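Here the structure comes first, spelled out in structure tokens, and everything after it is commentary.
This structure is a prediction, so every number in the text was calculated from the model and none was measured. Within every chain, numbering begins at 1; the chains are lettered A, B, ... in the order of the sequence lines, protein sequences first and strands thereafter.
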Protein chains: 2
Amino acid sequence: MSYDDGMTTLSAADLELAHGVRMAVTRLARRLRNQRADLSLTPSQLSALAALDKHGPITPGQLADHEKVQPPSMTRVLGVLEEKGLVVSTPHPTDRRQKVVEVTSAAHAMLVADRRAREEWLASRMAELTSAEVAALRAATPVLEKLIAP
Amino acid sequence: MSYDDGMTTLSAADLELAHGVRMAVTRLARRLRNQRADLSLTPSQLSALAALDKHGPITPGQLADHEKVQPPSMTRVLGVLEEKGLVVSTPHPTDRRQKVVEVTSAAHAMLVADRRAREEWLASRMAELTSAEVAALRAATPVLEKLIAP
DNA sequence: TATTGTTATACTCTATAACTATA
DNA sequence: TATAGTTATAGAGTATAACAATA
């Protein structure tokens, strides 16, 4: 593959492989999303809950920053999630203006089960591959991760 | 890889590979989405425009079905796209209740340029891979496509 | 005085219901 | 009478502005 320093032009072969990778990755990601069970949450609610599960107990302001929404929007999202018993809030240990929210164990279990179900779907699809195809997939996974890196 | 006929249990190794593939594919797809230029369109508008570009001149009703929205919603989306000069509508050739909408050449060029830019970004990322890594990617692409199929 | 979070209010997007034109 | 599309209206969701509590 040619080296692109911003001055040279990418070769047609480079772009053709990039096209194939983009199409395959984009479509498989969509298929995986479609396998998601109906959790009766809006995209914003699910995204906030997953971020909270991943980044541990944080304040609503920090979560709003992470999710790139305004604080009043996060107030509403957290209100719904708390009503559903998916998050709980506790007073901030040192600053009484703030509070700290975290996912409940029920919400964590729900998220884990959902990820697991999608991975089981993918594994069952992979069960129809030849061993050479599985090997190709295994070899490519770290390469895909490397593309994501920076 | 073990064969899953719906009765046997998936092995831990199967699920581990599925986990790695899911993570890599999901994250790379997100990175690719983030590379999208700001086209000043809402997700619904962009999705409808892309579907219209792909599936040729069709009626608003067909487009609403494809996009899984109600006809009145599509009326509004198409109104915006028409105002922006991205779609044009013509009378239906045989049924005067219907009409046919299609993307303008400007909109088509915009979509092509946007895809091209994302593929150039990906190609520039791939330029930092070793030739063995590129080969692994090339070998895995048809496998990813096979997983999507149905 | 500055900051965190909430409440008040407006705007956007999509849905259902009602309407118009045509088959 | 049934169908395609539009208009009227309501329900979510998010934003900005104003407010209350605390640092």
Nearest heavy atoms of A:E145 and B:A24, plus distance in Å
CG-CB, 4.1 Å
Could you tell me how far apart B:R76 (CZ) and D:dT9 (P) are, to the nearest whole angstrom?
14 Å
If every non-hydrogen atom of A:L49 is compared with every non-hydrogen atom of A:L86, which pair is closest and at what distance?
CD1-O, 3.9 Å
Starting from P on D:dA12, measure out to CD on A:Q45 and report it in whole angstrom.
12 Å
I need the CG-P distance between B:L46 and C:dT12, as an integer number of Å.
19 Å
DNA chain D contacts made by residues 52-75 of chain A, counting heavy atoms under 4.0 Å
A:V69, A:Q70, A:P72, A:S73
Identify the residue among A:K68, A:E67, A:H66 that makes a side chain to side chain donor-acceptor pair (under 3.5 Å) with A:S47.
A:E67
Heavy atoms only: give me the nearest B:A29-A:A29 pair and the separation to one decimal.
CB-CB, 3.5 Å
Where do A:L41 and A:Q45 come nearest, in terms of heavy atoms and distance?
CA-OE1, 3.4 Å
Of all heavy-atom pairs between B:L129 and B:V134, which one has the smallest distance, and what is that distance?
CB-CG2, 3.9 Å
Work out which heavy atom in B:T141 is nearest to a heavy atom in A:V21; give both atom names and the distance.
OG1-CG2, 3.6 Å
Anything under 3.5 Å between a protein N or O and an N or O of nucleotides 21-23 of chain D, put it in a table, one pair a line.
unit_1	atom_1	unit_2	atom_2	d
D:dA23	OP1	A:R96	N	3.2

B:L46 and B:M74: same hydrophobic cluster, using ILVMFWY side-chain contacts below 4.5 Å?
yes
Atom NZ of B:K99 and atom C1' of D:dT3: how far apart are they, to the nearest Å?
16 Å
